[in-house]
Amino acid sequence: MYRGRGFYLEGKTPMETNELEKIRIEKIHQMRAAGLEPYPTRAEPTLAIQGAVNAFLKAEADGGDAVISTTLAGRVRSLRLMGKLAFAHIEDGSGRVQLMLRVNEVGEALMAQLRDYYDLGDFVEANGTLMRTKTNEVTLLVSSLRMLAKAVTPLPAAKDEVVDGEVVRHATLSDPETRYRQRYADLAVNPEVREVFRARARITRALREFLDERDFIEVETPILQPIYGGAAAKPFVTHHNQLKQDLFLRISFELYLKRLLVGMFRGVYEIGRDFRNEGVSFKHNPEFTQLEFYWAYADYLKVMDLTEEMVRFVAQAALGTTIIAYDGNTIDLTKPWQRLNLRQALLDATGIDIAACPDDASLAAAMKAKDLPFKPGSTRGKLIDGLLGDYLEPTFIQPTFLYDYPRDISPLAKSKPGDPTTVERFEGFIGGMELCNAFTELNDPLDQESRFLEMGRDYEDDDEERHPMDEDYLRAMSYGMPPNGGFGMGIDRLTMLLTDRKTIREVILFPHLREREED
RNA sequence: GGGUGCGUAGCUCAAUGGUAGAGCAGUGGCCUUUUAAGCCAUUGGUUCAGGGUUCGAGCCCCUGCGCACUCACCA
């Protein structure tokens, strides 16, 4: 449940501060009155917790009685006070360690501070020596302890139990709404959530490494664009006040990246955010991260090969394996991907031969004859796209390329020689989900111009998805663009696959949620 | 945007239309090796919001808000 929040300033009325928070705020005042600073400016841990524990384990393994003295910092995750003895666990993102405080080592005053001022969730710094307790747990025998940052609001986790080295959480924060709206609390309390985002970072790093090694250059192109393009999607609109100019948030990077091939880069790529003003779902967020690359002198077959290699490389680099589990399925990225011709795959799945239906009306008639649902008035390409989404995409659990797409939904792809209705384009699927989209890029400026004009006609009644004519892009292409293969992949979806998450919100730190009214 | 479901203490969850509860956290006491939470005691609620039905509503009805699932649109 959401509550409007307020600030607690001394002498003012606390607004919406709950009982637990009032107690902790009172402790802050008491600490300051006692000459203790609850938010000191600097911390000076000598090691990360896991580093210290590892050093201790290594010293043990070496058989020595080496005394490891260290200062560790972290968040208090458990606290057990027993008068003249106390135990706590602290955690810092690298690991966790137990603290033991004995009155004869730290003195009565510190034991009293611990009792009166310290709570779960506080950041603390402890100096001491590492040892093992009677129950054999690696523990810092504390000689001094101080507050680094007092937590006012209690973290929502209840209890952690360590079973065979695995941390089991009892009654942890699990409400998805709270987890997404307060991701900081989710991350603080659920280590497996942190691991998803660590994996995500390894994935993007591996993609860069893979492309950099092959002499692609990473570039950055405009997010604010006067003309949007490169995909069939509705844009977000914004406005530049001083220039009195409406601008769009980009829906793809494509048209800018290909301009760079005109400028004599052999291979360019960009990893960044796209924005699409459309519905949200388990695989759609209004802003999402995309990788696009364009590769001079390549075609869609070379791009297919590179895609296989790249996804395999990323899985190995990020997970240490090329065999992954997704939604109960085992997916083998080691093997070559299945490659299916779109026309043949649709014929097998639906009995409709799209080659025998060269226009909107004939395809709609064929679908009607088979009792397949469709949206009246759709173009041939949109009908095919619908069939693909309904009858093919969900069946592609194992890695699959579907290739040779209808021309009218692919205005930036090059026609297949000898086939005016088809372009050299493929999409890659894993886990029943579209992962990437690529084509042999159209580099004929005259053909490109007529495609823009066709799109303008087809989408006359549908302003928002209409591709506006990009004259500067045409000018760039008319200077000469090398033949090239282009590629786009959703990084969020790749991360879903590699971390076995079933919704895109689990792989986006701050997914878009509807704004709540604060009262 | 449509359909279905859900919303109770800080967290995880109970409660035939009849006094709103439990565990954990919090608070108090005892305790020098605890381990899910040492032991004992105990506080804590605008039941998402607003209407309605009823002697009586957490529960039934209506409206709104949010979330989840799903359909549509899309990557």
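Throughout, protein chains are lettered first and strands after them, A, B, ... in sequence-line order, and every chain is numbered starting at 1. Below, all heavy atoms of this structure are taken into account, side chains as well, without hydrogens, waters or symmetry copies. Only a predicted model underlies this, so the values are computations on that prediction, with no experimental measurement involved.
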How close or far is atom [atom2] of [N] from atom [atom1] of [X], stated in whole angstroms?
X         : N      : atom1 : atom2 : answer
Leu99(A)  : U32(B) : CG    : C1'   : 16 Å
Lys84(A)  : C39(B) : NZ    : C1'   : 16 Å
Asp175(A) : A9(B)  : CG    : P     : 11 Å
Asp119(A) : G26(B) : CG    : P     : 7 Å
Arg102(A) : U32(B) : CZ    : P     : 12 Å
Ile409(A) : A75(B) : CD1   : C1'   : 13 Å
Asp116(A) : G26(B) : CG    : C1'   : 15 Å
Leu141(A) : U34(B) : CG    : P     : 15 Å

Problem - Backbone N/O of Phe396(A) and side chain of Thr400(A): donor-acceptor pair under 3.5 Å - result: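 No.
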Problem - Whether Gln290(A) side chain and Asp274(A) backbone form a donor-acceptor pair below 3.5 Å - result: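 Answer holds: no.
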Considering every strand and a 4.0 Å limit on heavy-atom distances, what is the contact class for [X]: base, sugar-phosphate, or nothing?
X         : answer
Glu427(A) : nothing
Asn285(A) : base
Arg493(A) : base
Glu137(A) : base
Lys502(A) : nothing
Asn104(A) : base
Gly279(A) : base
Ser281(A) : nothing

Practice task
To the nearest 0.5 Å, tell me how far Glu177(A) CD sits from Gln182(A) CD.
Solution key: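 Separation between the atoms: 9.5 Å.
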Handout entry: CG-CG distance between Leu387(A) and Leu363(A), expressed to the nearest 0.5 angstrom
Key =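 Answer for the CG-CG pair, Leu387(A) versus Leu363(A), is 6.5 Å.
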Ignoring the backbone of [X], work out which of [options] is nearest its side chain.
X         : options                : value
Met131(A) : C31(B), U33(B), A75(B) : U33(B)
Leu20(A)  : C67(B), A25(B), U34(B) : A25(B)
Ser174(A) : A75(B), C13(B), C73(B) : C13(B)
Ile23(A)  : A75(B), U34(B), U27(B) : U27(B)

For [N], the Watson-Crick or wobble counterpart (both distances under 3.5 Å):
N      : value
G44(B) : none
C30(B) : G38(B)
U53(B) : none
A68(B) : U4(B)

Exercise for the section: Using the closest heavy atom to pick a nucleotide of RNA chain B for each, name whichever of Arg115(A) or Pro286(A) lands nearer the 5' end. Expected result: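 Counting from the 5' end, the first nearest nucleotide belongs to Arg115(A).
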Handout entry: Contact nearer the 5' end of RNA chain B, comparing Lys27(A) with Lys134(A)
Key =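 Of the two residues, Lys27(A) wins.
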Between [X] and [N], does any side-chain N or O lie under 4.0 Å from OP1 or OP2?
X         : N      : result
Arg181(A) : C67(B) : yes
Lys382(A) : A72(B) : no
Thr133(A) : U34(B) : no

Practice task
Please identify each residue that fulfils ring-ring contact (aromatic ring centres under 6.0 Å, His included) with Phe401(A), with sequence neighbours left out.
Solution key: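 For Phe401(A), the residues satisfying ring-ring contact (aromatic ring centres under 6.0 Å, His included) (neighbours in sequence not counted) are Trp337(A), Phe426(A).
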Practice task
Kindly write out the residues that satisfy ring-ring contact (aromatic ring centres under 6.0 Å, His included) with Phe210(A), not counting sequence neighbours, or none if the list is empty.
Solution key: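 Listed in chain order: Phe313(A).
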Exercise for the section: State whether the distance check finds a donor on one side and an acceptor on the other, under 3.5 Å, for side chain Glu19(A) versus base U27(B). Expected result: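 Checked by distance alone, the answer is no.
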Exercise for the section: Please name all residues satisfying side chain to side chain contact (heavy atoms under 4.5 Å, CB included) with Ser378(A), sequence neighbours left out, ordered by chain then number. Expected result: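 Ser378(A) satisfies side chain to side chain contact (heavy atoms under 4.5 Å, CB included) with Lys375(A), Lys382(A), Leu383(A) only.
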Exercise for the section: Taking side chain to side chain contact (heavy atoms under 4.5 Å, CB included) as the test, write out the residues that go with Ala149(A), two or more places apart. Expected result: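 Applying side chain to side chain contact (heavy atoms under 4.5 Å, CB included) to Ala149(A) gives Tyr39(A), Phe123(A).
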Listing time: all N or O pairs from protein to nucleotides 68-71 of chain B that are below 3.5 Å?
from: A68(B); atom 1: OP1; to: Arg505(A); atom 2: NE; distance (Å): 3.4
from: A68(B); atom 1: OP1; to: Arg505(A); atom 2: NH1; distance (Å): 3.4

Determine all donor-acceptor pairs shorter than 3.5 Å in which one atom belongs to a side chain in residues 488-500 of chain A; sequence neighbours excluded.
from: Asp492(A); atom 1: OD1; to: Arg200(A); atom 2: NH1; distance (Å): 2.9
from: Asp492(A); atom 1: OD1; to: Arg200(A); atom 2: NH2; distance (Å): 3.1
from: Asp492(A); atom 1: OD2; to: Thr289(A); atom 2: N; distance (Å): 2.8
from: Arg493(A); atom 1: NE; to: Lys283(A); atom 2: O; distance (Å): 3.4
from: Arg493(A); atom 1: NH1; to: Glu434(A); atom 2: O; distance (Å): 2.9
from: Arg493(A); atom 1: NH2; to: Lys283(A); atom 2: O; distance (Å): 3.1
from: Thr495(A); atom 1: OG1; to: Ile491(A); atom 2: O; distance (Å): 2.7
from: Thr499(A); atom 1: OG1; to: Thr495(A); atom 2: O; distance (Å): 2.6
from: Asp500(A); atom 1: OD1; to: Asp327(A); atom 2: N; distance (Å): 2.8
from: Asp500(A); atom 1: OD1; to: Lys502(A); atom 2: NZ; distance (Å): 3.3

